[in-house]
Amino acid sequence: MDIICECAENYNKLKKNIYRFVVSKNRKTWEIKLNFEDKDFYHLAGFHYLTDISIPKSRKNTLKEIINKRRITDELLYKSKLFESPESNKNIRTRIEELRFLEEYLDVENYIRIYNTRNDKYLHSSIDSDYIIESRLKDKNYSVYIFLKKRRESPEYLCVNSFFKKENITYGGDNLYWMLKKKITDTECQIIYKHPDYTDK
């Protein structure tokens with residue numbers, strides 16, 4: 001199976017999940033809810049950087065174009081001279097390879113850290129985001145950045161609006177503390193992590 005197809009199929013399964021996080025700073029706590037929609041995948045996979053090949057532009061149909069029609073394949077992506085880049089956020093090859101495991105990165109019990117982004121010359125990215133999660137899987141010796149952004153049409157939810165392997169650039173902001181991490185489906189509510197001192201409402 002093509003890597004991009006595996007990536008799309010895994011994301012398609014992830015759409016049934018909602019993540020509910022509670023974070024804290026300066027004795028104040030607040031909730032973050034994360035969901036997944038078809039239209040997010042185009043940007044998340046970094047297709048907007050591949051301007052030298054013909055990729056269908058309908059963001060709502062990107063998953064179908066990959067999974068059902070097989071119109072976006074590894075062979076097509078490899079034709080782009082922009083597919084690999086020394087800039088970590090623009091290296092689409094490693095982004096897609098790691099994006100296959102987005103659910104696993106979100107399911108890690110103890111992420112390395114979460115940041116509330118702020119306008120800082122050295123720590124803030126040009127990527128428009130509200131939060132940055134740095135996560136690492138147990139069998140890997142590197143971490144990834146997961147950027148979260150409030151949805152315009154439903155601001156009570158956030159989406160993953162960028163994702164890539166941590167390489168030669170460090171991102172950050174105001175460090176927050178995890179109080180609770182829940183993964184919710186139609187049939188199950190899984191507590192991934194709960195701080196010993198936190199009581200969920």
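If you're wondering where the values come from, they're calculated on a predicted model, not measured in any experiment.
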Audit row: Lys149, Ser162, side-chain contact (heavy atoms from CB on, under 4.5 Å) steps and yes/no: CA-CA 9 Å; Lys149 177 69 178 174; Ser162 194; over 6 Å; no
side-chain contact (heavy atoms from CB on, under 4.5 Å) between Phe164 and Ile127, intermediate numbers included: CA-CA 12 Å; Phe164 47 86; Ile127 298 169; 3.5 Å; yes
Residues Leu106, Leu34; criterion side-chain contact (heavy atoms from CB on, under 4.5 Å); working and verdict: CA-CA 10 Å; Leu106 289 169; Leu34 176 64; 4.1 Å; yes
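A donor atom on one side chain and an acceptor atom on the other are not found under 3.5 Å apart for Tyr49 and Asn91. Defined by atom type and a distance below 3.5 Å, a donor-acceptor pair is present between the side-chain atoms of Glu98 and Tyr142.
Closest approach of Asp74 to Ile4, counting heavy atoms only: OD1-N, 3.1 Å. Smallest separation of non-hydrogen atoms from Leu99 and Phe41: CD2-CE1, 4.0 Å. The minimum heavy-atom distance linking Thr170 with Tyr145 is given by the pair CA-OH, 3.5 Å. Minimum interatomic distance between Phe83 and Ile96 (heavy atoms only, all atoms of both residues): CE1-CD1, 4.0 Å.
Counting non-hydrogen atoms of neighbouring residues, nucleotides and ligands closer than 6.0 angstrom, the NZ atom of Lys140 exceeds 12 such neighbours. Heavy atoms from other residues, nucleotides or ligands lying under 6.0 Å from CD of Glu156 number more than 12. Within a 6.0 Å radius of NZ in Lys182, more than 12 heavy atoms belonging to other residues, nucleotides or ligands are found.
The side-chain tip of Lys15 does not point at the ring of Phe36 from less than 6.0 angstrom away and within 45° of straight on.
Between the NZ atom in Lys25 and the CG atom in Asp174 there is a gap of 5.0 Å [rounded to 0.5 Å]. With rounding to the nearest 0.5 angstrom, the CG atom of Asp40 is 10.0 Å from the CZ atom of Arg59. For the atom pair CG (Leu82) and NZ (Lys90), the distance works out to 9.5 Å, reported to the nearest 0.5 Å. Distance check: Asn35 CG to Cys159 SG gives 8.0 Å after rounding to the nearest 0.5 Å.
Aromatic pair Phe21/Tyr131: centroids not less than 6.0 angstrom apart.
A salt bridge does not link Lys13 to Glu103: none of the charged nitrogens lies less than 4.0 Å from a carboxylate oxygen.
The aromatic rings of His43 and His48 lie parallel to each other, with less than 30° between the two planes, well short of the 60° mark.
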